[in-house]
Amino acid sequence: MLKKTKIIILLVLLMLGGCEQPPPTDSGLPAKIYRHAMDGAPGSLDPAQATSLYAKFIVVNLYDTLYRYKYLARPYQVQPNLAVAMPEVSEDGLQLTIRIKRGVYFIDDPVFEGGIGREIKAKDFVYSIKRHFDPATRAQGAWLWQNRIEGLDLWKTEGSDYDKEVIGLRALDDYTVQITLSRPFPQFVHTLTQGYAAIVSREAVRKYGQMLSNHPVGSGPFRLVSRDSVRAVLAKNHGFRQEPFDLTDEGFDPAKHEKLGIQQLQGKSPPFIDQLEFEFITEDAARWNAFSAGELHFIKVPVSQFDNVLSQRSPLTLSPQYDGMYHFEASPEAGFIYTNFNMADPRIGYHPDQEQNHRNHALRCAMVKAFDWEKRNEIFFYDIGQVFPGIIPPSVPEYDADSDTSYVQRDLKGARELLLANGYDETTLPTLEYGFPNSVTERQIFEQFRNFMTDAGYPASKIRPLIFATYGDYQRAYSQGKVALINSSWTMDYPDVENNMQLYFGPNAAPGSNSASYNNPDYDRLYKTSAVLNESPRRTQIYREMNQLLMNDCVSITGISRTLLFLWDKETIMKPDRSFLGGYFMRFVDLVDSASSTAP
Amino acid sequence: MSVPYITSRLLYGIPLMLGVTFISFLLMVHFGPDKTYELIGKNPTEEQINEVRQSLGYDQPFLLRYGNYVKELLTLDLGLSDSSGEPVSSILIKTLPISLALVLPGFVLGNLLGMALGLLAAWYRGKWLDKLVMSASVVGMSVSFLVIIISLQILLCTPYGLNLFPVRGWQVHGLGSYFYYVTVPTLALVLVTLGYNTRFYRAIMADEIERDHIRTLRAYGAGPAELLFKHVLKNSLIPVLTRIMFSVPFVVVSGSLLLESYFGIPGIGLVTFNAITSGDQPILKAVVGLTGVLFVLALTINDMLYSVVDPRVSKS
Amino acid sequence: MMGGAWRRLKSDRYGMTGLFIVIVFSMVAVCVWSGLLGQGWSDVSGNRWESVSTTHWFGTNLLGQDILQRTLFGTATAFEVGLLVTFCSTLLGTVMGALAGWYSHGWLDEVILWLKGVLDSIPFYLFAAAVAFALQGIPWAMHLAMIITFWTTTARIIRGEVMRIKQREFIEAARAIGLPSIKIIFRHVLPNTFHVLLVQASIVFVAAINTEVILSFLGLGIQDGVSWGLMLAESSQEVLAGHFGNFVAAGTSLFVLLMGFNLLADALQDALDSRRATA
Amino acid sequence: MSCHALKVNDLSVWFETDSGRRQVVDHISFSINAGESTGLVGESGCGKTMTALAILGLLPTSGVGVSAASIEINGKDISSLNAAQRRAVLGRDIAMIFQQPGTALDPVFTIGHQISAVYRRHFGGSKKHLWQIMLDSLEAVGFSRAEKIASAYPHQLSGGMRQLAMIAMATVCNPVVIIADESTTALDNSTKSLILKQLERLQLQHKTAILLISHDLAMVRQSCRNVLVMYCGRLLERTDCQSLYSHAQHPYSAGLLSCIPQVSANRPPRISAIPGQVPSATDLPSGCHFAPRCIRVKPQCQQSVPHFDSEDDRAVACFRPLS
Amino acid sequence: MSTPTPPTKPPLLEVRNLSLSFHQQEQVAIDRVSFSITAGSTLGLVGASGAGKSSIARAIMRLIKPDSGEILFKGKNIFMMNSQQMMATRQRMQLVFQEPFTSLSPRRTIEQSLLEPLQHFAIGDTNSRQEKTRQIIQTVGLDHDVLRRYPHQLSSGQQQRIAIARALITSPDLLIADEAVASLDVSIQAQIIQLIQSLQEELGITLLFISHDLAVIRQIANDVAVMYQGQLLEQSPADTFFSKPNHPYSKTLLSFTNNKAPTSLPVENWRLDRGRTTAETTSNCVFARSCQVKMPICDQLEPASHQIQYRNQHPLGPHYVKCHLYEEVNTNDT
C-alpha cells in the first residue's frame with residue numbers, strides 16, 4: 001500500500017513538472033499582468049468564426065482591423081486603425097477607397113519565410129474578406145457583406161477561387177484597397193471595425209487551416225500565449241506599431257475621464273501591459289468570488305450582487321465598503337431583450353382565417369399588456385435597466401424620449417378584457433411553448449413570464465417550458481418554427497439602429513434573424529427605403545414609423561436595455577466597454593506601477 | 001498470466017468497445033446536439049446551412065459516420081474541436097493530467113481514510129467506535145456533493161469564511177501552488193466519498209474478519225495487527241481492487257466534472273461539460289471512446305490483478 | 001420471515017427514525033400530489049429575497065416565490081423521480097438479472113452482461129447528457145437516463161443471487177416435478193431475492209435523488225416544476241450575495257430525506273439479513 | 001494429585017439476548033490427562049463447540065458471557081490471562097482443529113506459510129529453520145512429498161489433505177492439548193478413519209492430550225479412551241469408552257449408542273432412535289434437561305437436577321441410571 | 001442344481017449403459033453404468049463423494065441429460081417420452097435431498113411447499129389436497145401446526161421429514177434418497193432411517209438409497225451397488241456384499257468402516273474422492289492406482305463386468321463384479 005502511495009505522489013509531481021512556467025517578465029521590470037473576467041468562454045479565435053462576444057473581444061486584440069471606435073468618445077465614432085484615414089467615398093456612395101498604413105507587420109511565426117512576420121498588404125485585407133465567402137472556412141461573418149459588394153457573391157458561386165479577382169473588392173496596389181458596393185450601404189465602414197474584418201495572412205490559413213483558432217497570426221497589440229477552457233493568456237506584441245496615445249483624438253472628456261486617471265496615458269504607445277489574461281467564469285458566484293478575492297482586476301458585476309455593490313439606484317452609488325476600492329461605471333447595453341411571438345405559428349401568429357387572425361392579434365396584444373416590464377426590470381436588472389417601447393433603445397440617437405410608453409406598461413385589466421372580448425378563456429387559450437436554453441436564470445425568467453401570464457388568467461399549464469440543452473439546439477428549434485414564444489436578446493453589431501430594424505424584415509424570416517417571421521409589406525418597404533439612407537431626420541422618421549408598425553401588430557413583447565455595471569480596482573487605469581468598442585480598449589489598459597507586481 | 005491470456009482478455013474487450021462506441025455514437029452524435037445553427041452567421045440562406053452541415057459531416061449516412069468514428073479512434077486521429085478548432089488529441093493531452101492531478105489526491109486519500117476507518121469499525125464491530133464511525137458515514141453519505149462544494153467554497157474560499165484558498169482556477173507552477181489550488185476540491189471529494197468508502201470497506205473487512213480462517217489464526221495466537229494487515233487486507237483485495245480499478249475511469253471523467261465546472265479547472269471534465277453544452281461532437285466522441293478504452297483496460301488489468309492477488313483465480 | 005424482520009426493524013432506533021423521516025416526507029409528497037400542499041410553488045407571493053417571516057417561513061427567492069412552497073413541491077419531485085426511477089430500474093434489473101442468472105453462461109446471459117458492460121463503461125453524466133439530448137423536449141429524459149444506467153447494479157446483484165439460489169436443492173425439487181422455468185423463477189427464485197431487492201431499491205432511491213440534484217445543477221434535470229436540485233442550482237448564484245434561503249431549505253431537506261433513507265436502508269439490511277433470519 | 005493436561009473448572013457460557021440469558025454451557029468441569037484422548041459427545045446444539053471456544057477464549061466479546069473458576073493447562077490457569085498473554089498460549093500449549101477444512105485455512109497463503117507462521121509466532125527462528133520445522137510437521141502427518149504440499153494453496157488440496165495440513169499446523173508447536181471440533185464430520189467415511197488414525201499416531205508420539213468433539217459415538221469409540229456425554233450445556237456422563245459401550249449408565253448415552261448403524265455380515269436389527277429433539281436454549285425444561293425425551297423418566301427428574309460428581313472418574317447425572 | 005428360481009418381478013427402473021460427463025469441468029461423472037431395481041426393493045448406491053452417485057439420481061429425474069444410455073421406468077425409456085408421458089412419470093418418482101434446509105423454498109410455508117406438487121400434477125381438488133397434506137404430515141410423524149410455518153422455523157430433522165413428505169405426497173412408485181441422512185446428527189439420522197424403513201413397509205415403495213456410509217446402507221438396502229469414479233464396480237445382494245465383498249474397492253470400503261484402515265498408505269494416495277477427467281485414459285481399471293492387489297493387467301486393460309456364477313444358485317439375486325481378479329474364475333463357492 002505504501003509503495004503505491006509513493007508512486008502516486010511521484011506521478012502527481014511528474015505531472016506538475018509538465019505544467020506551465022511562470023509568466024515572462026519584461027526586461028527586468030516586473031511584468032504588468034492584467035486579469036479580465038469574462039462571463040463566457042470564446043469559441044474559435046479564427047476571425048472568420050469569431051461570432052461570440054467573447055471571441056470578438058480577444059480577436060481584435062490579436063489581429064488588426066482597418067477601423068475601430070474611439071476609446072472614449074460617446075456616441076461611438078469610427079477611427080482609422082490600420083487604415084490611414086477614413087475611406088474616400090465616391091459621389092454615388094458606391095465606391096470606397098481605403099489606404100492602409102505602411103510598415104505594419106504580422107507577428108513572427110513559422111508560417112512566414114524565415115519565421116519573421118511580413119508586412120501587411122492590401123491583398124491581405126481582400127483575402128480576409130473573401131475568406132468569409134469560401135464554404136471551406138465555415139465563416140460566420142458573410143452576412144455583413146452579402147449582396148453588398150459587387151461580384152463577391154458570384155465569386156463564391158463560381159467556386160471561391162482566391163486567384164480570381166472580384167470587381168468590388170480589389171487591391172489597387174500594396175497599400176490601397178478599393179471596394180465597390182452594389183447599392184449604397186451607409187453602415188459599411190462599421191462592418192470594417194468588426195472582428196470578422198480582421199486581417200489574416202494567407203500563409204497562416206494555409207498552414208493551420210481549422211487550427212488557425214489556436215495559432216492566431218495577426219498584427220494586433222497582443223499575441224496568444226495559451227488558451228484552454230477556463231482562460232486565455234495574451235502577451236504584449238513587442239513589434240506593435242508605435243502610435244502615441246492622444247487624448248483629444250480618443251475623445252477625452254476631463255469631467256468623465258480624469259477621475260479614472262486616463263490622462264496619464266498621454267503620449268505613451270499602447271499596449272501598456274505585458275500580459276493580458278482572460279478568465280472565463282460562467283458562474284456569477286465564482287466570478288464575483290474571484291474578483292472580491294483580488295484575483296481579477298475587472299468584473300461585470302452579476303445582478304445578484306447589485307444589492308451588495310450599490311447603495312442607491314438614482315443616482316447610482318457604490319456601497320461605502322467598495323467606494324474606496326473600486327472604480328465603477330454603469331453603462332447602458334447596446335441592445336435589448338425581447339420575447340417574440342412566432343408569427344408563422346397559426347395558434348398565435350398569422351392565420352389564413354381573417355377572424356382567427358384577428359383573435360390571434362388580440363391574444364398577442366393581451367400578452368403584451370400582461371407583461372410586467374417594471375417587475376422584470378426590478379427582479380433581473382435591479383431596476384436600472386431602461387424599458388422602452390419597441391426596438392429603438394435609448395442608446396441610439398433615433399430613440400424618442402417622448403414616445404408613448406403604454407406598450408410597455410402593464411395593463412392587467414386591459415389584458416383580461418381583451419381576452420374576454422375575443423372569446424378566450426382557460427379552455428380556449430392555446431397551449432404555447434416557451435423555449436429557452438437551459439440555465440438557472442433562463443428558467444427564472446420563464447417562471448416569471450408564466451406568472452405574468454397567469455395573472456391575466458392564462459392557465460399555468462398552458463405555457464409549457466421547452467428546455468434545450470444547448471443554445472444551438474434552441475436556435476435550431478426556433479429557426480425551424482418549433483417554438484411559439486421566443487425569448488431572445490439582441491446585441492447590436494454596430495452603432496446604427498438599422499441593425500435592429502432588420503430583425504423584422506420579411507426576407508430575414510426564420511432561419512434568419514427575423515425569428516418572429518414577421519411579414520408586413522409596409523414594414524419591408526420602409527426598411528428598403530431607409531437602408532440606403534445615411535443618418536438623417538427622415539431616416540429617423542421612417543424608423544419610428546416602423547417601430548410603431550411592430551407595436552401595432554403586437555409582434556414582440558419588447559423591450560429593455562440592460563444597464564451593465566463594471567467594477568475595476570483602483571490600480572487599473574481604463575475605461576471598460578462591452579459594446580462596440582469591445583476588446584479594443586484592452587490596448588489602452590494600464591496598471592499603476594506600484595501595484596503591478598503584487599499579483600496573487 | 002501469459003501473453004495469450006492478456007490477448008484473450010483484450011479480445012474480449014472488443015465487443016464491449018464496439019457496444020460502447022455504438023451506443024454513445026448513436027446517442028451523442030446521431031441524436032446528439034446540432035451545431036449547425038451556432039456556426040452559421042446571421043440571416044443564413046438554405047445553401048449556407050447545408051454548407052455548414054456538410055462541413056460538420058452531418059449529411060453523411062449513419063453507418064459511414066460511425067465507421068469513421070471507429071476509424072478515428074483506432075488511428076487516434078480524433079479530429080478538431082468544433083468550437084475552438086484545436087485538435088482534440090491535444091486538448092485531451094492538455095486536460096487529462098490536470099484532471100488526474102486534481103482528482104487523484106482526493107481519490108487516494110478518500111480510499112485510504114475509508115479503508116482505515118472501515119478497518120477500525122469492522123474490528124470494533126458492534127462497539128461504540130463502530131457505531132460512531134457508521135453514524136458519521138451515514139451523515140457523510142446523506143450530504144449532496146453539491147451542498148458540500150458550495151459550503152466548502154463559502155467556508156474556505158470567500159470573505160464570508162476563512163478566505164484561505166482560491167475560488168477557482170488552476171495556475172499551478174509548483175508544489176505550493178498545487179496545494180493552493182487542489183486543497184478545497186480534494187477536501188470536497190474526500191468528504192463526499194468518505195461515507196461510501198468507509199461503509200464499503202467496513203462491510204468487506206467485517207465479512208473477512210468473520211471468516212473461519214481468521215478464527216483459526218486467532219486460535220493459533222495471531223495478534224490483531226497480523227490478522228488485519230496481513231490476512232484481512234490481503235483477502236479483501238479483490239473487491240477492493242475491483243472497486244478502485246473500476247472507479248478510475250469514472251473518477252477521471254465524471255467525478256471531476258462537477259468539481260472542475262464549479263472550481264473552473266480546465267480538466268477533462270470541464271472540457272466535456274462544455275462540449276455537452278456547446279454540442280462539440282468531436283470532443284464528446286473522443287471522451288466517450290477514451291473512457292470506453294479505459295474501462296476495458298481497467299477490466300483487463302483487474303482480471304490480471306485478480307490472478308496475482310488470489311491464487312484461486314489463477315489459471316492452473 | 002417478514003414478521004421477524006419487522007420485529008427486528010422495530011427494535012432498531014435508527015431504523016425507525018429513518019422510517020419516520022421517510023414517511024413524513026412521503027406524506028408531504030402525497031399531499032402535494034393531491035393538491036393540498038405546495039401548489040403555490042410558482043406563484044409570486046412576495047418581494048424578492050424576503051427574509052424569514054411568518055408568511056414566508058423560509059423567505060422568498062429572487063422572483064419573490066415562497067421557498068417553503070417550493071421546498072414542499074420539491075419533495076414531491078424528489079419522490080416522483082425516486083419512485084419512478086427506483087421502480088422501473090428495479091423491475092428492469094430484476095428481470096434482466098433473473099434471466100441472466102437463470103441462464104448463466106448461456107447466450108442470453110452473455111448478451112445481458114455485454115449490455116451491462118457497455119452501459120457501465122459510459123460515464124454516467126455523459127450518458128445522462130446524451131439521453132437528455134436524444135430525448136430533448138421529452139419530460140422523462142432524465143428519468144430514463146437514470147433507469148437505463150441504474151438497472152445494471154440491480155441486475156448484477158440479482159444475477160448473483162439467482163445463481164446462488166439456483167444451486168439450492170429446492171430448485172431441483174421444483175424442477176424434479178417438472179415445473180417450467182418461468183414458474184420456478186417467479187415462485188421460488190425471485191421471492192428469495194426480495195430482501196436484497198428491498199435494500200437495493202432504497203439505495204437506488206437515494207442515488208436517484210442525489211443524481212437529480214447534480215443533473216439539475218448541470219442543467220440536465222427536470223423540465224417543468226421545481227426540485228431541490230434546481231433550488232440548489234439557484235442558490236449557488238445567491239449564497240455569495242448573502243441569500244441562503246434556497247440553500248438552507250433545499251440542502252436541509254435533501255440531507256434529512258437522504259439520511260432517513262440511508263438509515264432505513266441500513267436497518268432493512270440488518271433486519272432482512274438472511275444469516276440473521278435463518279439463525 | 002497428578003497434573004492434568006487440561007483441567008476445566010466450573011465453566012459457563014451464556015448469550016445475552018433481548019429475552020434474557022440463554023445458558024449454553026452450564027457449570028461444567030472436567031479434566032484430561034496428558035497423552036489421553038477424551039471424547040465430548042452430544043447432539044448438535046448441546047454446547048460442545050461453545051465449550052471448546054470458551055476454553056480457547058475465542059468467543060465474541062459482545063453479547064456472550066463466559067465465566068470459569070479456572071482453565072488450567074499443565075496446571076497453569078489461562079482463564080485469567082490478558083489478551084496478549086493468552087495469545088502466547090494459543091497454538092503453543094493448546095491448539096484447535098476446526099470442523100470445515102475448506103474454510104479454516106487462509107485461501108491466499110500457502111499451506112507452508114501458514115504452518116510456519118504459527119511456529120514463528122511462538123518460537124521465532126530463521127526462515128530455513130522454520131521451513132524445516134514445517135516440512136517435518138507435514139511429513140509427520142503422513143505427507144510423503146511435503147515440499148509440494150507446503151507450496152500449495154488450500155484450494156489445491158482435497159478436503160482430507162486440508163484437514164491433515166490443519167493437524168500439521170496444530171502439532172507444529174507440539175502443544176499440550178489439542179481440541180478437535182467435529183474435525184472429520186464433513187469428510188468421507190474412509191478419509192475420516194484415515195485422519196483419525198494419523199491423529200492417534202501423533203498423540204502417542206507426543207503424549208498430547210486430545211479433546212475430540214463429535215456427535216458421533218462411533219467415531220469417538222474408534223479413537224478415545226474416555227468419554228464425556230453432554231446435553232443442553234450439562235455433562236451427563238463421564239466414563240471410559242469400554243464401559244460406556246458395554247454398559248452405558250445414562251439413558252441418553254444409551255440412546256445415542258443405539259442410534260449408530262452397524263455394519264455386519266448379517267442383517268442388523270432395526271435401528272432405534274431417541275425420540276424428540278434437543279430443546280432450544282431459550283426454553284430449557286426444568287430439572288433434568290433430558291427428562292422430556294427420557295423413557296425412564298420419573299417425576300423427580302422434572303423437578304430437580306441430578307448431581308454430577310466432577311471429581312470421580314466415572315460419573316453420571318441421573319436419578320435412574322441404567323445399571 | 002435345481003433351486004426354484006425366484007419369482008421374476010419386472011424391474012421398476014432399469015439403467016442401461018448410462019454415461020455422462022460434465023464438459024465444463026471436463027469431468028467424467030457416469031461411465032457406462034447399468035443396473036436395475038425390482039419393484040418394492042431397495043438398492044443402496046454407495047461410493048465416495050464425487051463417484052457419480054448424485055449424477056445418476058439427477059439423470060433418472062431427467063434433471064440432467066446423459067451423453068448416452070437409456071433409463072427405463074416401467075419399461076419405457078424416459079428420454080423418449082413426450083411431455084405428457086414425462087409429466088405422468090415425474091409424478092411416479094420423487095427425490096429427497098441431502099440438505100434438509102436448502103431443499104425447501106425458504107419463502108413458502110410448509111403447506112405451500114407440500115401443495116405445489118399436487119397443484120402441478122392437478123391431483124384432486126382444493127379440499128382433498130388439503131386433506132392430503134394433513135395426512136402426509138401425520139405419516140411423517142409431525143403435527144398439523146407445522147403446515148403454517150416456514151422452513152427456518154423447523155429443526156433439521158423436521159425439515160427432512162417435510163422433504164420426505166413432499167416427495168411422498170404424489171404417492172410415487174420410486175423414491176430416490178440422495179444422501180438423505182448424510183448431513184444429520186446421528187440421533188436424527190436414526191430417526192429418519194426409521195421413518196424411511198417404516199414408510200417403505202407401509203407403502204411398498206421402491207427405493208434408490210444413495211449414501212457414502214456403508215453402515216446406513218446396511219440398515220436399509222436389499223441390494224448394494226458400489227460406484228467408483230463414475231463406474232459401477234460391484235453390485236450384489238446386501239447380505240452377500242456385507243458377508244463377502246468381492247471387489248478390492250469394496251473390501252477397502254468395508255475395512256474402513258470396520259476401523260481397520262491401513263495407515264501405511266501415503267497420504268497423496270488417499271485421494272479416493274477425486275473425480276476423473278475426460279482426458280484421463282480409460283484403458284485401465286479405474287481403481288488400479290489405489291488397489292492393493294493390483295496385477296499388471298490392471299494397468300493395461302479395463303476389466304469387464306462379470307456376473308459371478310454361484311455353484312449353488314444363489315437365491316438373493318445376481319452379483320456383478322468389474323475386476324480382473326474374477327475374470328478367470330467364473331464360479332465362486334459360497
Side-chain angles (χ1 to χ4, degrees), chain A residues 1 5 8 11-13 15-16 18-22 41-46 49 51 132 135-136 138-144 146 210-214 227-231 279-281 283 285-286 289-290 292-293 295 438 469-473 475-476 479 493 502 508 511-514 600, chain B residues 33-46 48-49 51-52 54-56 80 83-87 90-91 94-95 97-98 100-101 104-105 108 112 115 153 157-159 163 166-175 178 233 261-266 270-271 274 276-279:
Chain A
M1 237 41 234
T5 329
I8 288 163
L11 274 175
V12 170
L13 288 177
M15 275 181 301
L16 292 172
C19 285
E20 59 185 78
Q21 297 301 307
S44 172
L45 296 184
D46 179 340
Q49 297 167 348
T51 177
H132 285 274
R138 210 194 271 169
Q140 292 163 55
W143 64 278
L144 280 170
Q146 223 159 338
Q210 283 288 318
M211 286 190 278
L212 187 69
S213 163
N214 295 287
R227 178 254 167 113
D228 56 40
S229 52
V230 294
R231 63 203 291 262
E279 305 278 345
F280 317 133
I281 315 176
E283 308 81 21
N289 265 357
S292 36
E295 290 168 23
N438 209 329
T470 71
Y471 188 77
D473 285 346
Q475 220 172 342
R476 176 173 59 169
S479 295
D493 294 286
Q502 57 91 28
N508 285 353
S513 44
N514 178 4
Chain B
D34 186 338
K35 223 175 160 47
T36 315
Y37 284 84
E38 271 177 69
L39 293 185
I40 48 173
K42 285 163 183 159
N43 294 328
T45 58
E46 203 57 42
Q48 281 169 323
I49 294 176
E51 273 167 17
V52 174
Q54 215 172 341
S55 81
L56 289 167
L80 304 176
S83 326
S84 70
E86 206 178 343
S90 83
I91 294 182
K94 226 163 40 177
T95 52
I98 296 179
L100 282 175
L104 267 184
V108 172
L112 286 181
M115 217 179 276
Q153 202 180 36
C157 310
T158 66
N163 205 5
V167 172
R168 64 185 308 285
W170 187 264
Q171 280 150 277
V172 172
H173 18 70
L175 208 56
Y178 176 55
L233 267 188
S261 71
Y262 211 89
F263 289 102
I265 294 163
L270 185 61
V271 164
N274 288 341
I276 292 171
T277 52
S278 68

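What you see below is based on every heavy atom in this structure, not just the backbone, and it leaves out hydrogens, waters and symmetry mates. Below, chains carry the letters A, B, ... as their sequence lines are ordered, and counting in each starts from 1.
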Give, for atom [atom1] of [X] and atom [atom2] of [Y], the distance between the pair rounded to the nearest 0.5 Å.
| X | Y | atom1 | atom2 | result |
| --- | --- | --- | --- | --- |
| A/N508 | B/K42 | CG | NZ | 11.5 Å |
| B/Q54 | A/R138 | CD | CZ | 11.5 Å |
| A/L45 | B/E86 | CG | CD | 10.0 Å |

If I measure from the heavy atoms of chain A, does [X] come under 4.5 Å with its side chain, its backbone, both, or neither?
| X | result |
| --- | --- |
| B/Q153 | side chain |
| B/S55 | both |
| B/L80 | side chain |
| B/N274 | side chain |
| B/I49 | side chain |

What part of [X] lies closer than 4.5 angstrom to a heavy atom of chain B: side chain, backbone, both or neither?
| X | result |
| --- | --- |
| A/D493 | side chain |
| A/A290 | both |
| A/A139 | backbone |

- Query: Highest number of heavy-atom pairs under 4.5 Å with chain B: which of A/S292, A/S229, A/G141?
  - Reply: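 The answer is A/S229.
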- Please determine, among A/Q502, A/Q210, A/Q49, the option with the most heavy-atom pairs under 4.5 Å with chain B.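 Looking at each option in turn, the highest pair count goes to A/Q210.
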- Hey, which of B/S90, B/C157, B/G264 has the most heavy atom pairs under 4.5 Å with chain A?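 Ranked by heavy-atom pairs under 4.5 Å with chain A, first place is B/G264.
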- Query: Among B/S261, B/P166, B/P87, B/P266, which residue forms the greatest number of heavy-atom pairs with chain A at distances under 4.5 Å?
  - Reply: B/P266
- Indicate the atoms forming the closest heavy-atom contact of B/Y37 with A/G472, along with that distance.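 Smallest heavy-atom distance, with atoms named: CB-O, 3.9 Å.
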- Is it true that a side-chain atom of B/N43 and a backbone atom of A/S513 form a donor plus acceptor pair closer than 3.5 Å?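 Answer holds: yes.
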